[in-house]
Amino acid sequence: TNTSANFKIKTMDDEFETFKLWRVRETVSQLCRDRGYVVYRREIHRGLRGFKRQYGDQPSEGRPSWTDLSFFVSHRDNPNDEMYICFSDEPANLRTFTRLSNILQDENALRRGGQTSRVIVVVQRGPTRSKKEIGGIIFECFKELELFTINDDALVLEKHVILTPSEEELDMLDEENIPRIHSDDFAARYFGLERGQVVKIVRPSGLCVPPHICTCRPYMSYRLVV
């Protein structure tokens, strides 16, 4: 019957949508951890079954809704430095960012502890904006699709270390000969890299890297963000 067929379609849609929501939140949780924010391993490795237990498995009925997935994290080196992961159902435009900035600034003013200095906005569709600072809060934007389809194995396995001006290692490099990475490149956005920074990329032993070279020991390379 049509009723039975519609129920099966709805169930299949909910199953895929739940899988997608779980995958996106898992990826953005790993992103936070890779940037140095505190994210417990159970948040990243809860599995699809654990995600369903906590958030539900019927997105078509709002369990979970897109905005249910939002959360705050604190930086490992400075617990008062917080980042807000906002799963937004609004367009990624200046109006949305300004509204969020005003809300977070008001909350910052009322709190004695942590202060939100950065927001990652995750949107389902529509155009995204490049990194922007509003009211002292930095806004970054990612699409659901790029977080869902990301091949994060290489990003997770590769350790990215931002070199500070005081490090001797940076003095040994010839800036003119350092390969470039654009600030709009997904890897640069994933790690929150800024123009002018030099990042050291450490690949573990046994990891194959282009052009299909398998290293017997950790392999290091550098990139200048432009």
Side-chain angles (χ1 to χ4, degrees), residues 9-37 39-52 54-60 62-71 73 83-93 96-97 118-132 138-160 180-193 199 201-204 207-212 221 223 225:
I9 292 172
K10 175 180 175 296
T11 301
M12 291 174 62
D13 288 345
D14 271 343
E15 287 180 356
F16 176 72
E17 189 65 23
T18 301
F19 173 77
K20 186 167 60 173
L21 293 175
W22 162 69
R23 182 77 176 98
V24 170
R25 198 178 194 280
E26 182 186 62
T27 300
V28 80
S29 296
Q30 183 66 53
L31 177 153
C32 294
R33 187 180 179 91
D34 289 338
R35 290 192 183 194
Y37 290 87
V39 180
Y40 295 110
R41 290 185 63 84
R42 64 174 178 268
E43 286 292 322
I44 301 174
H45 303 295
R46 77 170 79 237
L48 180 58
R49 184 177 299 178
F51 179 86
K52 290 179 178 179
Q54 181 168 351
Y55 295 102
D57 59 359
Q58 293 182 305
S60 61
R63 301 194 307 271
S65 70
W66 181 249
T67 55
D68 286 344
L69 305 182
S70 301
F71 62 101
V73 288
M83 180 166 68
Y84 178 42
I85 313 303
C86 175
F87 283 76
S88 176
D89 54 8
E90 300 180 37
N93 55 32
T96 299
F97 292 175
R118 187 176 293 264
V119 177
I120 289 182
V121 179
V122 185
V123 295
Q124 290 179 293
R125 59 186 62 86
T128 60
R129 296 183 62 92
S130 56
K131 188 181 299 182
K132 193 168 187 66
I138 298 173
F139 286 81
E140 304 172 57
C141 192
F142 289 87
K143 283 186 179 180
E144 172 194 43
L145 184 61
E146 60 185 347
L147 294 172
F148 174 62
T149 58
I150 175 180
N151 177 13
D152 62 353
D153 290 342
L155 287 176
V156 172
L157 289 172
E158 295 174 350
K159 183 178 181 182
H160 288 62
R180 270 50 172 169
I181 181 173
H182 200 278
S183 59
D184 286 338
D185 184 276
F186 182 81
R189 292 169 54 225
Y190 180 93
F191 288 101
L193 304 180
V199 59
I201 304 170
V202 183
R203 297 179 174 93
L207 178 66
C208 292
V209 298
H212 309 296
S221 60
R223 295 291 185 273
V225 185

Thr67 backbone acceptor or donor facing Ser70 side chain under 3.5 Å: yes
Nearest atoms (heavy-atom pairs only) where Phe186 meets Leu147: CZ-CD2, 4.4 Å
Lys131 side chain near Ile138 side chain, heavy-atom distance below 4.5 Å: yes
Residue pair Glu144 / Lys20, side-chain heavy-atom distance below 4.5 Å: yes
Whether Phe191 and His160 hold their rings parallel, tilted or perpendicular, with breakpoints at 30° and 60°: parallel
Leu21 vs Phe148 side-chain heavy atoms within contact, under 4.5 Å: no
No-hydrogen, no-angle side-chain donor-acceptor test under 3.5 Å, Tyr55 and Asp68: no
All salt bridge (Lys or Arg N to Asp or Glu O under 4.0 Å) counterparts of Lys52, not counting sequence neighbours: none
Test item: Cys86 and Val122 side chains (from C-beta on) under 4.5 Å apart, heavy atoms: no
Contact summary for Gly56 and Thr18, nearest pair of heavy atoms: O-CG2, 4.0 Å
Closest contact, heavy atoms only, Ser183 versus Ala188: O-CB, 3.8 Å
Ser65 and Phe87, any side-chain heavy atoms less than 4.5 Å apart: no
Audit row: Arg189, Glu146, salt bridge (Lys or Arg N to Asp or Glu O under 4.0 Å) steps and yes/no: CA-CA 11 Å; Arg189 292 169 54 225; Glu146 60 185 347; 2.8 Å; yes
Salt bridge flag under 4.0 Å for residues Arg25 and Glu43: yes
Ile120 and Leu31: CA distance, side-chain angles, deciding distance, side-chain contact (heavy atoms from CB on, under 4.5 Å) verdict: CA-CA 10 Å; Ile120 289 182; Leu31 177 153; 3.4 Å; yes
Lys NZ or Arg CZ of Arg35 over Tyr37 ring: under 6.0 Å, within 45°: no
Candidate pair Gln30 and Asp34, rule side-chain contact (heavy atoms from CB on, under 4.5 Å), full reasoning: CA-CA 6 Å; Gln30 183 66 53; Asp34 289 338; 2.9 Å; yes
Flag if over 12 foreign heavy atoms under 6.0 Å of CZ, Arg49: no
Check: Thr27 side chain, Arg23 main-chain N or O, donor-acceptor pair, under 3.5 Å: yes
Pairwise distance CZ(Arg180) to CG(Asp185) - rounded to 0.5 angstrom: 14.5 Å
Verdict with supporting geometry, Thr96 and Val121, side-chain contact (heavy atoms from CB on, under 4.5 Å): CA-CA 10 Å; Thr96 299; Val121 179; 5.7 Å; no
Working for side-chain contact (heavy atoms from CB on, under 4.5 Å), residues Val24 and Phe142: CA-CA 10 Å; Val24 170; Phe142 289 87; over 6 Å; no
Trp66 side chain vs Ser88 backbone, donor-acceptor pair below 3.5 Å: yes
Flag for Arg33-Ser29: side-chain donor and acceptor within less than 3.5 Å: no
Spacing of Gln54 atom CD and Leu69 atom CG [to the nearest 0.5 Å]: 9.5 Å
Asp14-Ser60 side chain donor-acceptor pair, cut-off 3.5 Å: yes
Aromatic ring pairing Phe97/Phe139, orientation class (parallel under 30°, perpendicular over 60°, tilted between): parallel
